[in-house]
Number of protein chains: 4
Amino acid sequence: MGVVKSKRMPRAVREQQMLDAAVEIFGQRGYMAASMDEIAELAGVSKPLVYLYLNSKEDLFTACIRREAAALTEAVRTGVRTELPVDRQLWDGLLAFFTHTSLHPHAWSVLHLQARIHGEAFVAEVNAMREEIVAFVTQLIVVAAREAHRDPDLPEREVAGLAEALVGAAESLAAWANATPGVTARQSAATLMNFAWAGLGNLMEGRPWIPEAVGAESAPVQVSG
Amino acid sequence: MGVVKSKRMPRAVREQQMLDAAVEIFGQRGYMAASMDEIAELAGVSKPLVYLYLNSKEDLFTACIRREAAALTEAVRTGVRTELPVDRQLWDGLLAFFTHTSLHPHAWSVLHLQARIHGEAFVAEVNAMREEIVAFVTQLIVVAAREAHRDPDLPEREVAGLAEALVGAAESLAAWANATPGVTARQSAATLMNFAWAGLGNLMEGRPWIPEAVGAESAPVQVSG
Amino acid sequence: MGVVKSKRMPRAVREQQMLDAAVEIFGQRGYMAASMDEIAELAGVSKPLVYLYLNSKEDLFTACIRREAAALTEAVRTGVRTELPVDRQLWDGLLAFFTHTSLHPHAWSVLHLQARIHGEAFVAEVNAMREEIVAFVTQLIVVAAREAHRDPDLPEREVAGLAEALVGAAESLAAWANATPGVTARQSAATLMNFAWAGLGNLMEGRPWIPEAVGAESAPVQVSG
Amino acid sequence: MGVVKSKRMPRAVREQQMLDAAVEIFGQRGYMAASMDEIAELAGVSKPLVYLYLNSKEDLFTACIRREAAALTEAVRTGVRTELPVDRQLWDGLLAFFTHTSLHPHAWSVLHLQARIHGEAFVAEVNAMREEIVAFVTQLIVVAAREAHRDPDLPEREVAGLAEALVGAAESLAAWANATPGVTARQSAATLMNFAWAGLGNLMEGRPWIPEAVGAESAPVQVSG
DNA sequence: CATGAATGAGAGTTCATTCAT
DNA sequence: CATGAATGAACTCTCATTCAT
C-alpha cells in the first residue's frame with residue numbers, strides 16, 4: 001500500500017537517512033541552493049528534527065563531507081594490498097577510486113565540487129581526506145623511485161607536485177566520467193594509469209603500461225590497436 | 001589622499017570596473033553567496049547601475065565567465081607558436097596557462113570552480129573555452145603520434161580521455177599552486193610537463209623531459225639532482 | 001485592554017485574518033500600491049507567514065476576489081425567492097446587492113475597481129461572478145417579456161445590452177453610494193428600481209414602480225411628493 | 001527612410017506628444033505599472049525632458065486626465081443643441097459620448113478605470129468632469145419634469161441618484177462596448193436611451209423610445225420586432 | 001519525541017527622480 | 001535645450017531557524 005512511514009526509529013538510523021537525503025540534495029543543488037525544507041522532506045522527517053539531530057545547515061554539510069570522505073578513503077584503502085608491487089597498488093587504488101565515485105556520483109559532487117567553494121571550514125574537511133590519498137600516492141612514488149635504484153630523496157616539493165597532479169587528474173577524470181555516458185570505471189583507471197606510468201612520450205613510442213592479469217573480462221584501454 | 005571616487009565615467013569603463021569587482025567577489029564567495037550589494041560596493045557604484053548595465057546576476061556572471069575565458073584562451077594562444085616542435089608547444093602552452101592563472105587567481109576560481117556548478121548555461125560558457133584548449137592538446141597528441149611513426153588514428157575516446165586527464169591535471173595543479181605559497185608558474189609547468197611527457201615510469205628511470213634553452217634565468221624543476 | 005495579539009492560531013483562522021486584511025488594503029490602495037508588508041502588519045502576522053499560506057501577491061489577490069465574489073453572489077442568491085413575481089425578485093436582488101456592498105465597501109472596491117484593471121486572470125475571476133448576476137437579470141427580463149404577452153424571442157444582443165446597462169448602473173450606484181455619506185442601501189435600490197422598471201419617461205408622468213408591502217418602516221424613495 | 005526624429009520642436013507640441021504617449025501607456029498598463037521610461041520612449045524624447053515639462057509622474061497623470069476630460073466634455077457639449085427637445089438632447093448627448101469613448105479607448109480607460117483608484121487628487125480631477133455631465137443630465141431631468149407639468153422641485157438627492165445611475169450605466173456600457181467587438185456607438189446609445197426613457201416596464205409593453213429622423217442609414221436598435 | 005506555527009534578516013530587482021555635461 | 005550617468009528607496013519573495021504544544 002505504498003511507502004509505510006515508519007515511526008520511532010533509533011536515532012542512529014534516522015541520522016543516516018537524513019545524511020542520505022542531504023548528500024543527494026547537496027550534490028544536486030549545491031550547498032547554498034539546497035534548502036533544509038527539501039532535505040527534511042526527502043528524509044521523511046520534520047524540519048525541527050533535523051535541527052535537533054544535526055544542529056545547523058553547516059553542521060549537516062560537514063557531517064555529509066565527513067561521512068562521504070571516510071567512505072571513499074575506506075574504499076580505496078580496502079582495494080589496495082600493500083604487499084603487491086607498486087604499479088599494481090596504483091592500479092588497484094585507481095580502480096577502487098573510480099568505481100566508488102561512479103557508484104556515488106552525488107557524494108563525489110559534494111566532495112569534489114561543493115565542498116571546495118564554501119568556506120574554509122568545509123575545505124579543511126575535504127583536505128583531510130585528500131591528504132590521506134595524496135600521502136598514499138606520494139609514498140608510492142617514493143617507493144617506486146627507490147626500487148628503480150635511484151636516489152630516494154627526491155625533492156619534496158617535486159614529489160608533492162607530481163602527486164597533486166596525479167590526484168587532480170584523477171578527480172577531474174572522475175567528474176568527467178560521471179558526466180559522460182558510457183565511460184566505465186575500468187576505462188578511466190586504465191587511461192590514467194597509462195598516462196601516469198608511461199607518460200605521453202612512451203605512449204607515443206608504443207610502450208604503454210599494461211595491467212597484467214587484472215581480470216580478463218575487459219582488457220584495459222590501450223593506445224595501440 | 002586615498003582613493004578618489006571618480007564619478008560620471010563612460011559606460012564602457014564602468015562596465016569593466018563592475019566586471020573586475022564581480023570576478024573578485026564571485027571568485028571569493030561563490031556565485032550564490034556573492035551578493036549584488038557587495039559587488040556594487042566594491043565597484044564603487046550603486047546597485048541599480050549594475051542592473052542597468054548588466055541586467056541581472058546571471059547575466060553578470062555570464063559576462064564574467066566570457067571575459068575571463070576569452071582572456072585565458074588568448075593568453076595561451078599568444079604563448080604558443082605552431083611552427084615549433086610539439087613538445088615545445090606543449091611547454092609554452094603550459095607555461096602561459098599557469099602564468100595567467102597565477103596572475104588572476106579569482107578569475108581562475110570563477111572558471112574552474114564556480115562556473116561548473118551553477119546551471120547548464122554557465123557550464124556551456126566554460127566548456128566553449130575548455131574545448132578550445134582540449135582541442136589544442138588533442139591535436140598535439142595526434143601530431144606527436146604521427147611524428148613517432150605510429151598509426152595516427154588513435155582511438156578517439158582514448159585521446160579524449162588523455163586530453164581530459166591532462167587538462168584536468170593542469171587545472172587542479174593551477175588551483176593547488178594558487179593555494180600553495182611559493183609555487184611558481186614555471187615550477188607547475190615543469191612538473192606537469194615531466195609528468196605528461198615522460199610519465200612516472202620514465203621519471204623513475206632518470207629520463208625526465210627537459211626544456212632545452214628555455215631561458216637560463218631559472219632552470220626547470222628536475223627530478224634528478 | 002485593547003487588541004490582544006493572539007499567537008499560534010490554527011491555519012484556517014489565520015488565513016481568514018490575512019484575507020480580511022488584504023481586502024481592506026487592496027480596497028484602499030489598489031493592487032499595485034498595496035504592499036505585502038502593510039497587509040501582513042494589519043493581519044498581525046509576519047510577512048513570511050503570508051507567503052507560506054497564500055503563496056504570492058497574485059494568489060493572495062485572487063483568493064480575495066474569489067472569497068468576496070462568492071460572498072456577494074451568495075448574498076444576492078439568498079435574498080431572492082424565485083416563486084415571487086419578477087419585479088419583486090428584481091427588487092429583492094437589488095436590495096440584497098446594495099446592502100452587501102454597503103456593508104463591505106472595501107470588498108466592493110476590490111471587485112468593482114481593482115480586479116478589473118490588473119491582468120486577464122483577475123478579470124476572469126470577477127467575470128465569473130458578474131456573469132452569474134447578469135444571467136439572473138437576463139432571465140428576469142425574458143420572463144417579464146413573456147408575461148407581458150410579448151414575443152419571448154427578444155434579440156439576444158439587445159437583452160445583453162439591457163442587462164449590462166442595468167448591472168453597470170447598479171455597480172456604479174453602489175460605488176457612488178459608498179462614497180456618498182447618508183445614502184442607504186434601500187434608497188439606492190429604490191432609485192435604480194424606479195429607473196429600471198418605469199424609465200425616466202414614466203417617472204416623469206408620475207407612474208413610478210412601487211414596492212408593495214416591502215415593509216412599512218421606510219417607504220421607497222419616490223419622485224412625486 | 002523611416003521615421004525622422006524631428007528636433008527642436010516648440011514646447012507646446014512636444015508636450016502634446018508626451019501626453020499622447022502617456023495616455024496610451026497609462027490606459028494600457030494602469031498608473032502604477034506604467035513606467036516613465038516607456039512613456040518617454042514612446043514619446044520619442046529623453047526622460048529628463050518629460051520631467052522638465054511635466055514635473056512628475058503624478059502631474060503627468062493629472063495633465064492626462066485634465067486634457068482627456070476636457071476633450072470628452074467638449075465632444076458631448078458640441079453634440080447637443082439646447083434648443084431641441086430634451087429627449088433629443090439626451091439622445092444626442094449619449095451618441096456623442098459613446099462615439100468619443102469608442103474613438104479614444106485608452107483615454108476612456110484612463111478616465112473611467114485608472115483615475116478612480118489612485119488617490120483623492122486624481123478622483124477629484126475626474127469628478128470635475130463627471131459633475132459637468134451629471135449636471136447636464138440633471139438639468140435635462142428637471143426640464144423634462146417641468147414639461148410634464150409636474151412639480152419641478154424634485155428631491156435633489158433623488159435626481160442626483162437618477163443621474164448617477166444613468167451616467168454609471170453609460171460608463172459601464174461604454175467599457176463593455178469597447179471590450180465587445182461589433183457593438184457600435186449608435187447601438188449603445190439606442191440601448192441606453194430605450195432603457196432610460198421608457199424603462200423596462202414600458203419596453204415590455206412595446207413602447208420603446210424611438211429616435212425620430214435621426215439619420216436613416218442605420219435604424220436604432222429596438223426591442224420590438 | 002515530534003511537529004505545526006511563526007519570524008528576522010536579507011536576497012534580487014525595479015523605478016521615479018536628479019545631476020553634470 | 002537635451003541627455004547619458006547615477007541613485008535612494010521600496011518592492012516581492014526566500015530561508016535558516018526557533019518556539020509552544
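Reminder, nothing fancy here: chain letters follow the sequence lines and each chain counts from 1.
- Rounded to an integer number of Å, the gap from Leu52(C) CG to dA5(E) C1' is 9 Å.
- Residues in residues 27-52 of chain C take part in these side-chain hydrogen bond (donor to acceptor under 3.5 Å, both in side chains) pairs, two or more places apart or across chains: Arg29(C)-Glu38(C), Asp37(C)-Lys47(C).
- Within the 4.5 Å cutoff, the side chain of Leu60(C) has no heavy atoms near those of the Tyr53(C) side chain.
- Counting to the nearest Å, the C1' atom of dC13(F) and the CE atom of Met18(C) are 15 Å from each other.
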Between side-chain atoms of residues 64-71 of chain A and protein atoms elsewhere (two or more places apart, or another chain), which donor-acceptor pairs fall under 3.5 Å?
from, atom 1, to, atom 2, distance (Å)
Arg66(A), NH1, Glu125(A), OE1, 3.4
Arg66(A), NH1, Glu125(A), OE2, 3.0
Arg67(A), NH1, Gln16(A), OE1, 2.6
Arg67(A), NH1, Asp20(A), OD1, 3.1
Arg67(A), NH2, Asp20(A), OD1, 2.8

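- Side chains of Ile39(A) and Lys57(A) form no contact here, defined as non-hydrogen atoms less than 4.5 Å apart.
- Base-pairing analysis of DNA chain E finds the following stems of at least three consecutive Watson-Crick or G-U pairs, with both pairing distances under 3.5 Å: E:2-21 with F:2-21.
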(message) Show, in sequence, the C-alpha distance, side-chain angles and deciding distance for His104(B) and Leu72(B), and conclude whether the side chain to side chain contact (heavy atoms under 4.5 Å, CB included) test is met.
(response) CA-CA 9 Å; His104(B) 306 285; Leu72(B) 176 53; over 6 Å; no

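- As a whole-Å value, the separation of Gln17(B) CD from dA6(F) C1' is 13 Å.
- Checking the phosphate oxygens (OP1, OP2) of dG4(E), no side-chain nitrogen or oxygen of Tyr53(C) falls inside 4.0 Å.
- One interatomic measurement links the two molecules: CG of Leu49(B) to P of dT13(E), which rounds to 15 Å at whole-angstrom precision.
- Residues that satisfy the side chain to side chain donor-acceptor pair (under 3.5 Å) test with Asp59(C), not counting sequence neighbours, are absent from this structure.
- Counting only distance, with no hydrogens or angles, the side chain of Thr62(D) and the backbone of Glu58(D) share a donor-acceptor pair below 3.5 Å.
- Phosphate proximity of dA6(F) to Arg14(B): present, with a side-chain N or O under 4.0 Å from OP1 or OP2.
- Atoms CZ (Arg11(B)) and C1' (dA5(F)) sit 10 Å apart, rounded to a whole Å.
- Taking atom CD of residue Glu41(D) and atom P of nucleotide dG4(F), one finds them 12 Å apart after rounding to whole Å.
- Rounded to a whole Å, the CD1 atom of Ile39(B) is 8 Å from the P atom of dG12(E).
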The contact string for nucleotides 15-21 of chain F, one letter per nucleotide 5' to 3', using protein heavy atoms under 4.0 Å with B, S and - for base, sugar-phosphate only and none, comes out as BSBBBS-

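- Annotation: side chain of Arg14(B) is not in contact with side chain of Arg11(B) (no heavy-atom distance under 4.5 Å).
- Contacts of His106(C) classified as side chain to side chain donor-acceptor pair (under 3.5 Å), with partners at least two apart in sequence or in another chain: none.
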